[in-house]
Protein chains: 2
Amino acid sequence: MTSRASRGRRPGAPDTRAEVLAAARTSFAEKGFRGTTIRAVAASAGVDPALVHHYFGSKDDLFLAALEMPVDPRAILAPVVALGPDGAGERLLRTFLSVWDEPEIQVRLLAVARSALGDGGGRLLEDGFIPVVLGPVLGQLVKDRPEVRIPLVASQVLGLIVTRYVLALPPMAQMPAEDVVARIGPVLQHYLTGDLDGSPRIAR
Amino acid sequence: MTSRASRGRRPGAPDTRAEVLAAARTSFAEKGFRGTTIRAVAASAGVDPALVHHYFGSKDDLFLAALEMPVDPRAILAPVVALGPDGAGERLLRTFLSVWDEPEIQVRLLAVARSALGDGGGRLLEDGFIPVVLGPVLGQLVKDRPEVRIPLVASQVLGLIVTRYVLALPPMAQMPAEDVVARIGPVLQHYLTGDLDGSPRIAR
């Protein structure tokens with residue numbers, strides 16, 4: 001996105017881009033992801049819809065830009081998905097940690113996480129982040145019933161984000177990444193492919 | 001605590017109680033649980049330490065009162081602990097849900113949860129709630145290494161609180177309690193008594 005915005009920048013363009021982004025943020029917050037259109041965001045910012053596409057790409061891209069995600073989770077998770085469901089819990093967690101444990105990225109992801117935990121954050125996750133990002137990606141890894149399995153994965157990952165990063169609770173904040181992977185990876189695998197309703201043992 | 005406060009109440013007493021509580025909250029937030037003493041809280045509120053004990057009981061009790069917990073988690077979790085580690089993951093979750101799913105209690109617990117997720121919340125959990133409440137209770141249920149197992153339990157329980165109550169994400173918010181127990185109970189059991197470092201299968 002930055003490269004699009006800086007390519008062919010003209011006087012005033014950065015302000016236009018910021019205005020589009022502000023209009024997008026307002027619309028996603030008030031109307032949710034589904035209720036937001038590129039056309040309406042463009043109208044609200046007083047620009048042509050083509051300019052919104054030029055700056056931000058698709059509505060999914062605009063949504064991620066509005067969240068101010070420092071990385072594109074779809075690109076990062078693609079290799080995890082490519083290897084299939086076996087061992088996906090551990091791979092998912094290892095990839096997640098490799099991004100979140102990077103201090104410069106962590107600072108920016110923390111801002112996203114804090115805003116997702118605040119007022120209106122539920123709607124952004126429910127109506128945006130989960131269907132736009134987690135659904136398409138994790139949907140390829142679950143055995144069945146994505147509508148139950150993906151939220152269970154989200155519950156443990158959000159709990160990890162809160163304890164390790166937002167609250168920085170010891171020992172979660174200091175736990176070596178490979179220990180986190182060994183301890184929580186099997187849980188994500190259980191949520192992705194395990195027997196959810198009553199099996200006495202859970203295969204990793 | 002309410003009965004203590006109302007027993008023998010004299011004109012001005014409710015204000016005194018509120019002043020003690022405000023002083024306690026400030027001290028717990030600024031100095032943590034360990035750095036707070038009944039004596040210093042009393043001095044800060046301009047009352048005798050005996051009055052703090054009279055109103056609130058022990059420092060643990062004062063801490064829970066400062067958190068404005070609508071229930072005493074130690075009393076609620078006692079029967080879960082009494083039955084031992086077998087099946088404790090499911091029992092813990094069933095008990096947790098029976099309290100949190102009660103609308104009048106939930107409203108008040110949500111206020112506690114939101115403040116724990118905000119600035120300084122990490123310190124309250126790290127230096128207070130975990131050692132005062134979770135440590136003594138869950139410590140009786142873990143197989144070994146409570147310093148690792150209890151934070152792992154906390155990570156999944158906090159993730160459940162965030163998704164089911166704070167953000168009220170579907171389908172977590174609507175999931176019948178027994179489904180939550182069946183799906184997440186084995187995970188808590190894994191954290192309490194399972195092989196954390198590399199077992200290929202997790203016993204419930």
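Chain letters run A, B, ... following the sequence lines, proteins first and then strands; every chain starts at 1.
Comparing B/Ile130, B/Asp179, B/Thr163, B/Val181 by how many heavy-atom pairs each has under 4.5 Å with chain A, the most go to B/Thr163. Interface summary for chain B: among A/Ala168, A/Ala173, A/Pro170, the most heavy-atom pairs under 4.5 angstrom belong to A/Pro170.
Heavy-atom neighbours of B/Arg145 CZ from other residues, nucleotides or ligands within 6.0 Å: above the threshold of 12. The environment of A/Lys143 atom NZ is dense: over 12 non-hydrogen atoms of other residues, nucleotides or ligands sit within 6.0 angstrom. Within a 6.0 Å radius of CD in B/Gln174, more than 12 heavy atoms belonging to other residues, nucleotides or ligands are found. Within a 6.0 Å sphere centred on CG of A/Asp86, heavy atoms belonging to other residues, nucleotides or ligands number 12 at most.
Here the side chains of B/Leu117 and A/Val162 are in contact, with some heavy-atom distance below 4.5 Å. Side-chain atoms of B/Pro171 and A/Glu147, non-hydrogen and from C-beta on, never get closer than 4.5 Å to each other. Contact check for B/Leu160 versus A/Gln156: no side-chain heavy atoms found under the 4.5 Å cut-off.
Between atom CZ of residue A/Arg183 and atom OG of residue B/Ser155 there is a gap of 11.5 Å, rounded to the nearest 0.5 Å. To the nearest 0.5 angstrom, A/Asp197 atom CG is 11.0 Å from B/Glu178 atom CD.
Heavy atoms of B/Ala116 lying under 4.5 Å from chain A belong exclusively to its backbone.
Under the side chain to side chain contact (heavy atoms under 4.5 Å, CB included) rule, A/Ile184 has a single partner from B/Leu196, B/Val187, B/Leu152, which is B/Leu152.
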